[in-house]
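This is a predicted model, so every value here is computed, not measured. In what follows, chains carry the letters A, B, and so on, assigned in the order in which the sequence lines appear, proteins first and then strands, with residues in each chain numbered from 1.
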2 protein chains.
Amino acid sequence: MNELLHLKSAGLKSTLPRLKVLSLFESGNDRHLSAEDVYKKLLASGDDVGLATVYRVLNQFEQAGILVKHHFEGDKSVFELNQGDHHDHIVCLQCGRVEEFFDATIEQRQKKAASERGFELHDHSLYIYANCIKPKCKYKN
Amino acid sequence: MNELLHLKSAGLKSTLPRLKVLSLFESGNDRHLSAEDVYKKLLASGDDVGLATVYRVLNQFEQAGILVKHHFEGDKSVFELNQGDHHDHIVCLQCGRVEEFFDATIEQRQKKAASERGFELHDHSLYIYANCIKPKCKYKN
DNA sequence: TTGCAAATGAGAATGATTAGCATTAGCAGT
DNA sequence: ACTGCTAATGCTAATCATTCTCATTTGCAA
């Protein structure tokens with residue numbers, strides 16, 4: 001009943017769509033999903049939720065700290081389960097593979113860069129766009 | 001005639017709209033401008049260019065390496081003159097002030113993070129979202 | 001079980017950006 | 001300078017992701 005706890009503590013009613021979305025992320029099959037992805041996966045598994053609801057739920061979960069939202073290059077944003085550990089992302093430009101990483105030095109220097117210039121760091125987004133080195137990349141190798 | 005050289009070498013005809021857009025950026029009054037910003041500024045100065053043209057020109061300039069495009073938090077993207085020097089950005093969440101910075105160590109560690117995980121770094125985007133420390137911030141101080 | 005506010009679903013609306021197309025304007029060659 | 005042709009422009013309509021509206025449904029507390 002981990003899901004229920006999450007929802008309760010966020011002041012969210014435990015509804016079918018919310019549980020479905022949550023368990024999709026907790027199943028762990030795909031860490032990074034867009035609203036469209038979630039919508040399609042739910043449809044595919046016979047669960048009938050509206051796209052608008054998916055968007056709403058995703059955003060509520062983000063507010064509640066259950067999910068984290070990312071804007072990879074360009075258009076649609078993706079969500080991933082918030083497991084407390086902050087990390088940044090490397091995205092393969094060819095196959096889309098996403099790898100997570102954390103570098104204490106980078107974090108450190110960012111804070112420094114901000115404070116040196118009269119800012120108090122609140123947040124940051126760091127995406128590395130790269131190419132898989134063979135033979136891992138699904139497309140280019 | 002710096003502008004002309006730019007355009008020529010990019011294989012772009014030297015047209016009125018392109019010259020207008022280019023000189024807007026080269027005037028240096030605002031480093032970071034969205035398509036909408038450019039459009040409005042041109043209108044304001046009596047130059048009559050269509051919004052679609054602005055978008056087209058901006059993208060052509062990006063391809064040509066004359067401008068660089070950035071996606072700050074959320075929606076619209078902004079462009080800035082490409083002066084050869086790569087840098088990242090700090091954006092104030094309150095007043096929108098944008099400060100540029102470069103940190104060799106961060107660059108370094110990114111390359112390392114990528115290669116350690118089987119990627120060849122191609123590109124990256126790093127945005128620090130922060131709050132101005134008083135009294136510089138136009139809104140919160 | 002009842003009642004009601006909160007949540008959902010379907011479709012319309014929005015906002016940024018792009019595509020389609022008829023008209024205009026650079027510019028190379030007379 | 002004049003012709004002509006292709007690239008460029010300026011509308012407007014179209015896209016695409018995301019949000020809003022609102023009538024209907026559902027979770028849940030009394």
Engineer: Looking at B/E116, I want to see if its CD is surrounded by more than 12 non-hydrogen atoms of other residues, nucleotides or ligands under 6.0 Å.
Structural biologist: yes
Engineer: Side chain to side chain donor-acceptor pair (under 3.5 Å) between A/D88 and A/H124: does it pass, once the steps are laid out?
Structural biologist: CA-CA 9 Å; A/D88 295 304; A/H124 77 258; 3.1 Å; yes
Engineer: Quick check for you: among C/dA19, C/dT17, D/dA17, whose closest atom lies nearest to any side-chain atom of B/A35?
Structural biologist: C/dT17
Engineer: When you get a sec, tell me which of C/dT17, D/dT6, D/dT9 is the closest nucleotide to the side chain of B/L51?
Structural biologist: C/dT17
Engineer: Counting side-chain heavy atoms from C-beta on, which of D/dG10, D/dA7, D/dG27 comes nearest to A/T15?
Structural biologist: D/dG27
Engineer: Once you apply a heavy-atom cut-off of 4.0 Å, does B/S34 come out as touching a base, just sugar-phosphate, or nothing?
Structural biologist: nothing
Engineer: Tell me: CD of B/E36 to P of C/dT18, nearest whole Å?
Structural biologist: 14 Å
Engineer: Nearest whole Å is fine: how far is D/dT19 P from A/L58 CG?
Structural biologist: 10 Å
Engineer: Can you measure B/K8 atom NZ to D/dA7 atom P for me and round it to whole angstrom units?
Structural biologist: 15 Å
Engineer: Is A/D30 salt-bridged to A/K41, going by a charged N under 4.0 Å from an acidic O?
Structural biologist: yes
Engineer: Check every strand shown and say whether B/T53 touches a base, only sugar-phosphate, or nothing at a heavy-atom separation below 4.0 Å.
Structural biologist: base
Engineer: Just how far, in rounded Å, is P of D/dT9 from CG of B/D48?
Structural biologist: 14 Å
Engineer: Under 3.5 Å, is there an N or O donor on one side and an acceptor on the other linking the side chain of B/R56 and the base of D/dG10?
Structural biologist: yes
Engineer: Let's see if you can work this out: which of C/dG11, C/dC27, D/dG27 has an atom nearest to the side-chain heavy atoms of B/S14?
Structural biologist: C/dC27
Engineer: Tell me: CZ of A/F72 to P of D/dA17, nearest whole Å?
Structural biologist: 17 Å
Engineer: What nucleotide among D/dT9, C/dT18, C/dG9 has an atom nearest to a side-chain atom of B/R18?
Structural biologist: D/dT9
Engineer: Taking atom P of C/dT17 as reference, at what distance in whole Å does atom OH of B/Y39 sit?
Structural biologist: 14 Å
Engineer: On DNA chain C, nearest-nucleotide positions of B/K13 versus A/K13: which is more 5'?
Structural biologist: A/K13
Engineer: Which nucleotide sits closest to the side chain of A/K76: C/dT17, D/dA17, D/dG10?
Structural biologist: D/dA17
Engineer: Would you mind reading off the distance between A/Y55 atom OH and D/dT18 atom P, rounded to a whole angstrom?
Structural biologist: 4 Å
Engineer: Is any side-chain heavy atom of B/H89 less than 4.5 Å from a side-chain heavy atom of B/E80?
Structural biologist: yes
Engineer: Measure CD/B/Q60 against P/D/dA7 and give the value in whole Å, please.
Structural biologist: 12 Å
Engineer: Of the listed nucleotides (D/dT18, D/dG10, C/dA16), which one gets closest to any side-chain atom of B/V49?
Structural biologist: D/dG10
Engineer: Find which nucleotide of DNA chain D each of A/N59 and B/G50 is nearest to by heavy atoms, and output the residue with the more 5' nucleotide.
Structural biologist: B/G50
Engineer: Can you name the closest pair of heavy atoms from A/C132 and A/R97 and give their distance?
Structural biologist: SG-NE, 3.3 Å
